[in-house]
Amino acid sequence: MGATTLELSFRELQELCFNYLKDCIVFKEELTVVPTDFHILKYELNPIAEHPAGYLGLHQYLVVEFSNICKNNRNDETNKVLRFFTKSAPMEIPSRMAYLEEFGVFKKEILVYREILPHLEQIFGQVAPRCYYANKNLLIFEDLMHKGYRMGAKRDGVLDYGHLSCAIKSLAKMHAASLVYERKMKSKINGLHPDAVVENAYPLNVKTSHMRYQNFSNAVKVIEEILKLLPKYEKNLKDILHQLPEKMQKIFELSQTSSKYCNVLSHADLWANNIMFKYSLEGHKPIDCRFVDFQLARYAPPMVDLITLLTIPTSREFRKYYECMLQLTQRENLSLDQFLTQEQFYASLEEFRICGLIESLLFSHLTILPEESTRSLTSSADGFSDFFNRKRIDICLKAFHTDKVYQTRLCDMLEDLLPRELKLTTIVVIDEQTNKLTLNRFRIQVDNG
């Protein structure tokens, strides 16, 4: 069941609508004049879908009807309707609220939208939906779908070249704006907004009883059970299972703020459903995108975000990302080499590449579950607890045996994390004629035993 009332005062609701209408003028959307006087008539909270879709929040549409008096004609009073997208904490489910409170995701996301993104988007433009309210475990955004944005992947979570290229440009914009913002403020983001970028996905030095470590351990157990089902790993299975937990635990160290590389505001959760794309008039080519769900935001090297987004990167994509950041910082009369040289960029590629592979497994064993599994997880408190605490292995193994998409995607990820015979290796080469860095990739034989 969704919420039916908003914990907003009449003044807050009216201010929310006024700011939205004002933005419509600034960005030339929908309206030509801002009402000088309007009255809220009623509002409704409507479900987005028949079955709840959010694991860590309740998603609904807020529909507000108001009377509109325009400054050009005091007698021209009409009723208009605005629609917003809302994300709220599941207050009616105590077990899930306890999880969210310990996780700290709502507090963090509110701070990111309220304290950081407005500053960054003044520099190079929007990378996230406009947020009109961020407080009290409630976020209210513009409705991106109403503005023509939609997800770019099917259920397998795969984005093609055009979508990745579009997303990389927006990611470079956010990261470059982070550097410019710090230069203007003469301070680091984790000093200016420490609570907004505290590491909550993979906190260091936590006890094994900590909810995030337990969640990580449960995910690793799922991967271990799937590996036992795959004949190609049978010969070296004992060694693989022995080494897997330590290999996966590298994500805890690599997700932290770096003392070696420059750090930026990082999204930290860049899987396909957290990126909304806008398309050309023909409806096929992605021309813009917005990142959503900043619940895991961190202050880390830009490579952590980039490698997560691409998982298995190509040299062409990486050069595009670096060149895009270079052009953006030059617009602000800054040299990107002061923050991140090309040599450091490609060195961080080699160091953080495993992050994308680990993150892909940790997220995807949940996010690409078939609909019948996710419906049971989100529709009740018991379903949520079953997955995060008790029945995760059973749920995931059932999906692995019965759903081809789930099986194919997880096998593909495991094959890259645990290569049997061939390993894809990337090296940096300096072209003697142009003195520019390029990436060469080749395959070498490796012994997986």
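Because the structure is predicted, anything quoted here is derived from the model rather than measured. Residues: numbered from 1 along the sequence shown.
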* **Ser170 to Val127 - nearest heavy-atom pair and separation** => O-CG1, 3.7 Å
* Distance-only, no hydrogens or angles: does the Thr329 side chain make a donor-acceptor pair with backbone N or O of Leu326 under 3.5 Å? -> yes
* Please check if the distance between the ring centroids of Tyr213 and Tyr202 is under 6.0 Å. => no
* To do: May I ask you to decide if Ile354's main-chain N or O and Lys250's side chain share a donor-acceptor pair within less than 3.5 Å?
  => no
* To do: With rounding to the nearest 0.5 Å, note down the distance linking CD in Glu121 to CD in Gln126.
  => 5.0 Å
* Under 3.5 Å side-chain donor-acceptor pair for Gln327 and Arg331 -> no
* To do: First locate atom CG of Leu410, then atom CD1 of Ile226, and finally report the distance between them rounded to the nearest 0.5 Å.
  => 4.5 Å
* **Under-4.0 Å salt bridge between Glu332 and Arg183** => no
* Looking only at heavy atoms, which two atoms of Ala134 and Ile110 are closest? And how far apart? -> O-CG2, 3.4 Å
* Should Cys131 and Ile140 count as side-chain neighbours, where that means a heavy-atom distance under 4.5 Å? -> no
* No-hydrogen, no-angle side-chain donor-acceptor test under 3.5 Å, Lys188 and Asn263 -> no
* Pair Asn215, Arg392: side-chain N/O donor-acceptor within cut-off below 3.5 Å -> yes
* Mind running side chain to side chain contact (heavy atoms under 4.5 Å, CB included) on Val198 and Lys108 for me, showing each step along the way? => CA-CA 8 Å; Val198 64; Lys108 170 180 279 191; 4.2 Å; yes
* **Heavy-atom check, side chain of Leu310 versus side chain of Ile168, under 4.5 Å** => yes
* Let me know which of Tyr149, Tyr113, Phe291 forms a side chain to side chain contact (heavy atoms under 4.5 Å, CB included) with Pro129. => Tyr113
* **Chi angles and distances behind the side chain to side chain contact (heavy atoms under 4.5 Å, CB included) call for Leu417, Leu244** => CA-CA 10 Å; Leu417 183 71; Leu244 182 66; 4.2 Å; yes
* To do: Nearest 0.5 Å please: distance from the NZ atom of Lys247 over to the CD1 atom of Ile223.
  => 11.5 Å
* To do: Evaluate whether atom CG of Leu204 has more than 12 neighbouring non-hydrogen atoms of other residues, nucleotides or ligands under 6.0 angstrom away.
  => yes
* Could you please spell out the steps behind the salt bridge (Lys or Arg N to Asp or Glu O under 4.0 Å) verdict for Lys260 and Glu351? => CA-CA 11 Å; Lys260 181 178 179 181; Glu351 185 170 333; 3.1 Å; yes
* Straight-line distance of Gln407 CD to Leu229 CG, nearest 0.5 Å -> 9.0 Å
* Asked: How about Tyr279 and His284: are their ring centres within less than 6.0 Å of each other?
  -> no
* What's the spacing between Ile307 CD1 and Leu254 CG if we round to 0.5 Å? -> 11.0 Å
* To do: Any chance you could measure Tyr299, atom OH, to Ile116, atom CD1, to the nearest 0.5 Å?
  => 10.0 Å
* Between Asp403 and Lys398, is there a salt bridge with N-O shorter than 4.0 Å? -> no
* So, Gln214 side chain and Thr208 main chain: donor-acceptor pair closer than 3.5 Å or not? -> yes
* Should we say atom CE of Met211 is surrounded by more than 12 heavy atoms from elsewhere, each under 6.0 Å from it? -> yes
* Asked: Have His242 and Asp239 got a donor and an acceptor in their side chains that come within less than 3.5 Å?
  -> no
* Asked: Would you call Lys228 and Glu225 a salt bridge, using N to O less than 4.0 angstrom?
  -> yes
* To do: Establish, yes or no, whether a centroid distance under 6.0 Å links the rings of Phe84 and Tyr20.
  => yes
* **Charged N-O contact under 4.0 Å between Lys87 and Glu109** => yes
* Is there a donor-acceptor contact under 3.5 Å linking the side chains of Asp305 and His175? -> yes
